[in-house]
Amino acid sequence: MRETKQAFTLSPELLPRHLGIIMDGNGRWATKRGLPRSAGHTAGAAVFKKIARYCSSIGIRYLTVYAFSTENWSRPPEEVGALMILFKQYLQESLRDFRDDDIKVNFIGDTSRFPANLQKLIAETADVCRNRKGMVLNIAMNYGGRTELIRAVKKIAEKVAAGVLRPEEITEQTLSDSLYTAGQPDVDLIMRPSGEKRLSNFLLWQSAYAEFISMDVLWPDFTPENLNRALTEFAHRSRRFGGV
Ligand code: FPP
């Protein structure tokens, strides 16, 4: 792939360890071309594959992409159906063609609401990747930050009720360890194409100290060069984590 060969000169310590991407603008991209919204998602899926591999090639350790939110079920059934087909295609391709990629695909969100055949592919993909050592690719599917927090609080409450944890022992770490992203570093940078400047219920706890970059490009038009620009801007940000 041409993009992976180009020299991107940021040293690894200047890269976000954990990058989050809200893949936004697929619908607008399609509408601008007089196409159905699903065509935007198809184009977006191709960009997702390219960018995920690019991130892995430049040394990003954790990448989380927002593929389907808990709120996306309210879209027209044709659009939801088209997204389900795309997810299946991507996972089938990953299982068939990407065996040599050292990318550890992981799913965050309540995947139990997806059709049974998609759930099976999700489980198979996670299983095939289990021992990979390369970039962790979290695909957020039926994910919502608030739902994730409620799930975490329930897990903690169960431990308290069972007498294995005392309320005064609950720390930030206890909560982090109860999230879908347990064991992973907090997100350093959230990048949102399409010009929108919202978090939209994405990684609410994990983004406490994240930098946010909004870019005026629709996701299906997004390129590795756009990502390089965002990463360069991130490298110039002064992160103080509440200090001075
Ligand atoms: C937001 O754009 C995008 C989505 C709700 C779906 C994102 C999904 C993909 C890119 C498909 C590929 C993913 C995988 C894991 C294969 P929007 O539809 O809200 O765009 P709009 O704001 O322009 O309407």
Side-chain angles (χ1 to χ4, degrees), residues 19-56 62-98 101 103-111 113-115 117-126 128-129 135-145 147 180 190-203 214-224 226-227:
L19 168 67
I21 303 183
I22 302 177
M23 305 184 287
D24 195 18
N26 296 344
R28 275 164 283 171
W29 182 92
T31 305
K32 266 184 21 187
R33 286 163 178 77
L35 297 169
R37 291 176 55 84
S38 57
H41 296 314
T42 306
V47 170
F48 155 67
K49 278 189 265 182
K50 188 195 237 181
I51 294 295
R53 282 180 152 172
Y54 181 68
C55 285
S56 163
Y62 296 85
L63 170 66
T64 302
V65 293
Y66 210 0
F68 195 87
S69 75
T70 43
E71 290 73 36
N72 287 153
W73 295 107
S74 64
R75 293 190 174 205
E78 319 78 77
E79 186 173 339
V80 172
L83 279 166
M84 297 302 134
I85 291 170
L86 274 176
F87 296 149
K88 271 183 231 162
Q89 279 171 352
Y90 171 72
L91 296 181
Q92 278 161 345
E93 271 174 43
S94 307
L95 287 169
R96 196 185 57 226
D97 303 334
F98 306 154
D101 278 354
I103 295 179
K104 183 171 176 161
V105 184
N106 182 50
F107 297 88
I108 63 169
D110 178 9
T111 53
R113 203 175 151 187
F114 289 114
N117 53 5
L118 182 53
Q119 283 187 52
K120 189 165 171 278
L121 278 169
I122 287 172
E124 269 175 49
T125 308
V128 160
C129 297
M135 182 183 81
V136 172
L137 169 61
N138 295 314
I139 305 184
M141 284 177 54
N142 193 21
Y143 173 87
T147 312
Y180 289 118
I190 294 186
M191 216 258 330
R192 182 167 190 159
S194 92
E196 305 293 352
K197 298 176 180 68
R198 286 185 293 279
L199 264 187
S200 299
N201 207 10
F202 186 49
L203 302 178
S214 162
M215 298 189 86
D216 276 326
V217 53
L218 301 174
W219 178 249
D221 291 327
F222 195 85
T223 61
N226 291 125
L227 184 63

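Just so it is clear, the model here is predicted, and its values are computed rather than measured. Whatever order the structure lists them in is the order used to number ligands and atoms, beginning at 1.
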Problem set entry | Heavy-atom side-chain proximity of Y143 to F107 below 4.5 angstrom | no
For this session: Could you label the plane-to-plane angle of the Y66 and F202 rings as parallel, tilted or perpendicular, counting under 30° as parallel and over 60° as perpendicular?
Result: parallel
Exercise. When rounded to the nearest 0.5 angstrom, what is the spacing between CE in M23 and CG in L218?
Worked result: 14.0 Å
Exercise. For W73, is the NZ or CZ atom of R75 found under 6.0 angstrom from the centre of its six-membered ring and inside 45 degrees of the ring axis?
Worked result: no
For this session: Sort out the contact shell of ligand 1: every protein residue with a heavy-atom distance below 4.0 Å, listed by chain and number.
Result: M23, D24, G25, N26, G27, R28, R37, H41, G44, A45, F48, A67, N72, R75, L83, F87, Y90, I139
For this session: Please determine if K49 and E93 form a salt bridge, counting it only when a charged side-chain N lies under 4.0 Å from a carboxylate O.
Result: yes
Seminar exercise, completed: Residue set satisfying side chain to side chain contact (heavy atoms under 4.5 Å, CB included) with E196, at least two apart, ordered chain then number -> D24, R28, R192, S194, R198
